[in-house]
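Some notes on the structure that comes next.
Heavy atoms only: backbone and side chains are in, while hydrogens, waters and symmetry mates are out.
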Number of protein chains: 2
Amino acid sequence: MVTIRDVAAEAGVSITTVSRALNESGRVGRATRERVLNAARRLGYEPNDLARSLHGKATGTIAVLVPDITNPFFPELVKGVQEVATAHQKLLLLCQTSEDSEIAVQELLHLRRKRVDGVVLVGGLAASEQLDAALAGLPVVAVDRDTTVDGSRVVRSDHRRGGRLATEHLIELGHEHIAHVRGPAHLSVAQDRHDGYREALEEAGLPYDASLVVEGGFLEEGGYDGLRALRRRRRPFTAVFCGNDLMAIGALRALEDVGLAVPDEVSVVGFDDIHLASYLRPGLTTVHQPIQTLGRRAAALLIGSAMNDEQPASEVLDVHIVRRQTTARHRRTEVR
Amino acid sequence: MVTIRDVAAEAGVSITTVSRALNESGRVGRATRERVLNAARRLGYEPNDLARSLHGKATGTIAVLVPDITNPFFPELVKGVQEVATAHQKLLLLCQTSEDSEIAVQELLHLRRKRVDGVVLVGGLAASEQLDAALAGLPVVAVDRDTTVDGSRVVRSDHRRGGRLATEHLIELGHEHIAHVRGPAHLSVAQDRHDGYREALEEAGLPYDASLVVEGGFLEEGGYDGLRALRRRRRPFTAVFCGNDLMAIGALRALEDVGLAVPDEVSVVGFDDIHLASYLRPGLTTVHQPIQTLGRRAAALLIGSAMNDEQPASEVLDVHIVRRQTTARHRRTEVR
DNA sequence: CTGTTAGCGCGTTCAC
DNA sequence: GTGAACGCGCTAACAG
């Protein structure tokens with residue numbers, strides 16, 4: 001391995017000069033610099049970032065923690081993070097937590113030892129002392145998490161508004177019995193979406209009926225099981241607002257299995273607008289959140305915080321509804 | 001920042017002893033170790049992996065380069081890589097190349113400076129001197145790439161066999177005019193799948209008709225455009241084998257747009273069996289390749305190579321067909 | 001078993 | 001403009 005010392009010898013200068021020439025820092029003679037650069041090239045010199053960072057400087061590395069990269073929501077988010085990281089010449093470490101707080105703690109500890117410059121934390125994680133400890137002093141931007149951690153910034157979509165938009169859309173279509181297959185109670189995004197749903201109902205003078213609300217995990221299975229549970233309650237409904245798109249897909253499968261036509265007999269709305277939503281047939285009506293932008297903003301905030309002192313505490317991005325083919329006007333003809 | 005020296009002072013021993021106690025390396029007295037560990041805990045000591053790696057040891061970091069993490073094929077692969085990396089206590093750097101060889105070169109150079117222990121290289125990349133240079137001496141395992149690089153190992157599925165299986169499946173269903181919307185000519189996986197298609201046809205005594213073969217990018221658009229191009233040629237066909245699942249999705253949309261029913265009028269087969277394939281309605285019949293395992297094997301080979309000297313040159317994983325709802329028996333009733 | 005002494009590759013004071 | 005020397009945090013020979 002060729003070091004800065006070898007280059008110095010080859011160029012007939014001191015290592016200090018080589019360092020300066022390579023980093024464009026300080027005053028180095030024109031000719032000298034050329035000589036050094038040539039020597040470096042000739043020897044195939046490769047700077048060692050480890051040694052550089054050892055001086056307490058930044059490592060030029062940030063990390064993103066997601067529950068599961070195969071959940072189609074996260075690659076889009078990660079792409080946004082990656083984009084900004086690359087633009088700032090930073091490398092991106094990817095970690096998966098499986099929504100497990102203990103795993104997250106382990107990963108964070110590992111990241112700290114590697115001296116990452118900061119972390120984008122995505123998704124819910126059970127709070128714990130160890131988690132707080134693992135996060136302490138580490139520049140963190142959370143995405144879609146409750147801001148339990150002290151000074152950490154948060155980037156999120158307006159989930160409550162999204163819940164309202166979805167529900168209002170169904171109400172406008174004439175639906176009066178609107179079920180909600182919501183996400184896990186411990187996740188604030190699920191709660192917010194639910195609150196928006198409830199708000200919209202009440203504002204429209206429709207009753208909030210707890211027996212039309214079921215909870216499930218943010219995956220297909222959660223939606224599938226949720227819809228089956230709803231059916232078992234024998235409470236009629238003509239529309240379902242699902243906690244996210246994957247749940248909506250599960251709900252669509254369940255409806256298919258029980259022989260209910262979408263959107264003729266039951267309308268379905270999702271949340272997120274992952275790419276997948278537009279691939280489906282019928283195309284899924286859903287609340288669009290700017291997933292990639294979420295990642296971009298988080299990364300920008302994270303990287304910016306290392307540079308600027310002042311930073312906004314958090315950011316809330318707007319959402320809107322995308323009408324596709326899983327929602328239709330309520331047909332007065334009886335349905336159960 | 002508390003260093004090993006502070007811990008040494010606190011515990012009343014030398015830094016060497018601290019180092020040994022922390023790394024379980026060498027002989028350290030029971031009591032001494034306890035004392036050191038306690039001191040470290042009390043001070044909130046966090047080892048600095050940078051300094052450790054500076055000694056020329058491994059950095060405990062590997063990287064995976066993929067064209068685009070939002071392409072659903074890659075998250076599954078990355079997950080496999082991640083799994084093995086984590087099992088070996090290694091952190092994973094994620095890079096995206098956009099299939100651009102120059103970007104890949106830049107990323108690789110950056111990774112080298114960071115002294116990553118190895119790289120999993122996924123997808124096709126235009127060969128170039130600079131790429132070779134950027135790869136030189138770096139432990140690399142390629143996935144689904146031609147093994148142009150010198151000593152690099154390759155993990156891949158049996159694409160040729162997959163192409164045969166897909167085609168044979170259609171032949172068994174009675175189809176005689178089978179089109180192929182293939183992937184890019186410069187990608188070996190596309191070529192292999194095509195060769196398998198051709199082989200199956202010829203073995204069945206069916207003519208290989210070049211006017212039934214079109215080329216496109218490995219995305220929905222490629223499949224959509226490919227199918228439209230096929231139609232413009234006015235050559236009848238009752239089945240299409242698509243280069244991958246995304247292309248198949250594009251082809252399905254195109255068929256929908258021109259009013260051809262799937263599978264009643266045209267059968268469609270994809271390749272990869274990404275999760276998405278089973279979400280679709282009708283469910284996509286496709287050639288399953290073990291995507292996650294591909295990633296796992298690549299990572300295992302990469303990490304193993306740093307430890308064992310001997311390693312298999314490459315690995316070929318098996319594929320099989322998954323029958324869903326986009327393929328059906330050819331109906332003799334005329335169709336165009 | 002434990003401590004002393006060198007570096008690892010590089011940036012950064014300082015003098016010259 | 002350039003160089004010598006020191007130190008970043010840690011591991012690895014060598015002693016004792």
Residues in residues 44-55 of chain B with a heavy atom under 4.0 Å of DNA chain D, by number, are B:Tyr45, B:Pro47, B:Asn48, B:Ala51, B:Arg52, B:Leu54, B:His55

To the nearest angstrom, the CZ-C1' distance between B:Arg112 and C:dG9 comes to 17 Å

Between the base of D:dG9 and the side chain of A:Arg115, is there any donor-acceptor pair under 3.5 Å?
no

Please lay out, stage by stage, how B:Arg156 and B:Asp144 fare under the test salt bridge (charged side-chain N to carboxylate O under 4.0 Å, His left out).
CA-CA 5 Å; B:Arg156 58 185 199 82; B:Asp144 275 355; over 6 Å; no

Separation between CD1 (A:Ile291) and CZ (A:Arg296), nearest 0.5 Å, reads 11.5 Å

Between the side chains of B:Arg42 and B:Glu10, is the shortest nitrogen-to-carboxylate-oxygen separation below 4.0 Å, so that they form an ion pair?
yes

Show me the donor-acceptor pairs, under 3.5 Å and distance only, between side chains in residues 56-67 of chain A and residues at least two apart or in other chains.
| from | atom 1 | to | atom 2 | distance (Å) |
| --- | --- | --- | --- | --- |
| A:Thr59 | OG1 | A:Arg115 | O | 2.7 |
| A:Thr59 | OG1 | A:Asp117 | OD1 | 3.1 |
| A:Thr61 | OG1 | A:Thr59 | O | 3.2 |

Grab the NZ-P distance between B:Lys114 and C:dC10 for me, whole Å please.
13 Å

Can you tell me the distance, in whole Å, between the CZ atom of B:Arg20 and the P atom of C:dC1?
11 Å

Straight-line distance of B:Glu102 CD to B:Glu107 CD, nearest 0.5 Å:
13.0 Å

A:Leu22 CG to D:dT2 C1': how many Å, rounded?
16 Å

How long is the gap from CG on A:Asp68 to OG1 on A:Thr97, to the nearest 0.5 Å?
8.5 Å

Report the C-alpha distance between B:Gln292 and B:Glu83 in whole Å, list the side-chain angles of each, state the deciding distance to 0.1 Å, and finish with yes or no for side-chain hydrogen bond (donor to acceptor under 3.5 Å, both in side chains).
CA-CA 9 Å; B:Gln292 204 163 321; B:Glu83 207 174 275; 3.3 Å; yes

To the nearest angstrom, the CD1-C1' distance between B:Ile4 and D:dA12 comes to 12 Å

Using a cut-off of strictly less than 4.0 Å between a heavy atom of the residue and any atom of DNA chain D, enumerate the qualifying residues of residues 6-16 of chain A by number.
A:Val13, A:Ser14, A:Thr16

In Å, rounded to the nearest 0.5 Å, how long is the span from CD of A:Glu46 to NZ of B:Lys114?
12.5 Å

Rounded to whole angstrom units, what separation is found between the CZ atom of A:Arg5 and the P atom of D:dA5?
12 Å

Whole-Å distance between D:dG1 P and A:Arg30 CZ?
12 Å

Using a 4.0 Å heavy-atom cut-off, does A:Ser19 contact any base of the nucleic acid, only the sugar-phosphate backbone, or nothing at all?
base

To the closest 0.5 Å, what do you measure between CG (A:Leu187) and CZ (A:Arg145)?
9.5 Å

Would you indicate, yes or no, if C:dT2 has its OP1 or OP2 atom less than 4.0 angstrom from a side-chain nitrogen or oxygen of B:Thr32?
yes

Short side-chain N/O contact to D:dC10 OP1/OP2 from B:Lys57, under 4.0 Å:
no

